[in-house]
Amino acid sequence: RKPPSSLKAYDLTLRAVWHYNEFTREGCDKAIDCLERSLAEDPEYSGALLRLGISKCLRYEIDFDLESVRQGLDLLERCIRIDPTDSRAFVVYSLGVGVIQGLDQSRSAIEQAMRLNPNQNNAIGQRALVAIYEGDIDAALRWLESLKKLTPHALPWASQYHAIIAFHQ
């Protein structure tokens, strides 16, 4: 990955990650502020673009804000143009584009993430979710089992996928 052009941009991005990980409206707002300031320092810093796209997409989880998802997708597309090898951008893009455009686009993005890094835990979790929405419960369970082997302490949201599967059955 190309490093940022300034330490200030990097510092602001690290601060943003801390705020983002609060998973609250206030934390998300603070993360967005830090990331926008980071990008003012270095507009091509893919790490800040990635995290700003993630933070904008998180607004959907908090407020069902579709406009923020669209903004997040635009930022993620910029990130992908700068660094088309970053599987994380495709994972988050898969989540957001699934909300806005549908399952086919979500599947396409997550499959690209899996080609880039087949052992990335968030990609495997998102692949399981796409399989659930496709109605392929057996595949979803295989992806979740693969995730469990890779990450014994599962992603917090992956346990919710089992509830969705139980509802399907």
Side-chain angles (χ1 to χ4, degrees), residues 1-21 23 28 31-32 34-61 68-134 139-140 142-158 161:
R1 311 255 178 268
K2 180 182 172 233
S5 63
S6 80
L7 286 177
K8 185 173 182 182
Y10 184 68
D11 178 61
L12 286 163
T13 301
L14 290 179
R15 290 172 191 264
V17 170
W18 188 85
H19 290 300
Y20 172 86
N21 285 334
F23 297 107
C28 188
I32 288 170
C34 287
L35 292 162
E36 287 173 344
R37 291 186 298 150
S38 175
L39 288 168
E41 292 289 321
D42 182 353
E44 299 297 307
Y45 179 27
S46 66
L49 283 168
L50 170 70
R51 287 167 181 84
L52 184 56
I54 292 169
S55 297
K56 291 283 188 168
C57 288
L58 176 64
R59 295 305 240 144
Y60 182 77
E61 301 290 328
S68 283
V69 175
R70 288 182 184 93
Q71 293 169 4
L73 291 173
D74 289 344
L75 291 159
L76 292 165
E77 287 171 359
R78 276 181 58 200
C79 178
I80 289 167
R81 281 192 300 273
I82 291 168
D83 184 358
T85 66
D86 190 342
S87 65
R88 301 168 303 169
F90 286 97
V91 172
V92 181
Y93 191 83
S94 174
L95 284 163
V97 80
V99 170
I100 299 295
Q101 295 179 13
L103 192 55
D104 289 338
Q105 291 81 1
S106 181
R107 183 184 327 97
S108 176
I110 199 57
E111 287 175 355
Q112 178 60 19
M114 297 293 292
R115 280 189 290 277
L116 291 168
N117 187 349
N119 292 317
Q120 206 265 354
N121 61 347
N122 290 308
I124 295 170
Q126 175 62 9
R127 188 61 189 93
L129 184 62
V130 169
I132 291 168
Y133 285 132
E134 291 173 324
R142 285 191 305 275
W143 285 116
L144 289 171
E145 185 59 32
S146 174
L147 178 61
K148 186 176 177 182
K149 289 177 185 174
L150 182 65
T151 310
H153 304 288
L155 303 169
W157 53 89
Y161 297 172

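What you see is a predicted model, and the numbers here were worked out from it, not measured in a lab. One is the number of the first residue; the rest follow in order along the sequence.
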message: I need the S106 OG to Y93 OH distance, nearest 0.5 Å.
response: 10.5 Å
- prompt: Should R1 and T85 count as side-chain neighbours, where that means a heavy-atom distance under 4.5 Å?
  reply: yes
task: Working to the nearest 0.5 Å, report the span between NZ of K149 and CG of N119.
output: 12.0 Å
message: Are the side chains of I110 and F90 in contact, using a 4.5 Å heavy-atom criterion?
response: no
message: Main chain of A113, side chain of S87: is a donor-acceptor contact present, judged purely on distance under 3.5 Å?
response: no
task: Could you give me the CA-CA distance, side-chain angles and deciding distance for V69 and L73, then say whether side chain to side chain contact (heavy atoms under 4.5 Å, CB included) is met?
output: CA-CA 6 Å; V69 175; L73 291 173; 4.2 Å; yes
- prompt: Does C34 reach the side chain of H19, with side-chain heavy atoms less than 4.5 Å apart?
  reply: yes
Residues L14, Y10; criterion side chain to side chain contact (heavy atoms under 4.5 Å, CB included); working and verdict: CA-CA 6 Å; L14 290 179; Y10 184 68; 3.4 Å; yes
message: Measuring from atom OG of S6 to atom CG of D42, what distance do you get when rounded to the nearest 0.5 angstrom?
response: 6.5 Å
Spacing of Y60 atom OH and S68 atom OG [to the nearest 0.5 Å]: 12.0 Å
Validation: residues 45-56 side-chain donor-acceptor distances under 3.5 Å, sequence neighbours left out:
unit_1: R51; atom_1: NH1; unit_2: G47; atom_2: O; d: 3.0
unit_1: S55; atom_1: OG; unit_2: R51; atom_2: O; d: 2.9
unit_1: K56; atom_1: NZ; unit_2: Q71; atom_2: OE1; d: 2.9

- prompt: Could you go step by step and tell me if V91 and R88 meet the side chain to side chain contact (heavy atoms under 4.5 Å, CB included) rule?
  reply: CA-CA 5 Å; V91 172; R88 301 168 303 169; 5.5 Å; no
query: Taking N121 for the side chain and T151 for the main chain, is one N or O donor matched with an acceptor at less than 3.5 Å?
result: no
- request: Decide, yes or no, whether a salt bridge links R81 with E44 under the criterion of side-chain N to carboxylate O below 4.0 Å.
  value: no
message: Checking side-chain polar atoms at under 3.5 Å, does Q126 have a donor or acceptor matched by the opposite partner on S94?
response: yes
field: Side chain to side chain, K8 and R37, heavy atoms closer than 4.5 Å
entry: no
task: Measure across C57 and L76 and return the closest heavy-atom pair with its distance rounded to 0.1 Å.
output: SG-CD1, 4.2 Å
- prompt: Do R59 and I32 come within less than 4.5 Å of each other through their side chains, counting heavy atoms only?
  reply: yes
E77 vs D74 side-chain heavy atoms within contact, under 4.5 Å: yes
- prompt: Can you tell me how far the CG atom of L147 sits from the OH atom of Y161, to the nearest 0.5 Å?
  reply: 9.0 Å
field: L35: which of V17, L75, T13 passes side-chain contact (heavy atoms from CB on, under 4.5 Å)
entry: T13
- request: Apply the test side chain to side chain contact (heavy atoms under 4.5 Å, CB included) to residues D83 and K2: give CA-CA distance (whole Å), side-chain angles for both, the deciding distance (0.1 Å), then the verdict.
  value: CA-CA 8 Å; D83 184 358; K2 180 182 172 233; over 6 Å; no
- request: Any chance you could measure I124, atom CD1, to M114, atom CE, to the nearest 0.5 Å?
  value: 5.0 Å
- request: Return the set of residues passing salt bridge (Lys or Arg N to Asp or Glu O under 4.0 Å) with D11 (not counting sequence neighbours), or none when no residue passes.
  value: R15
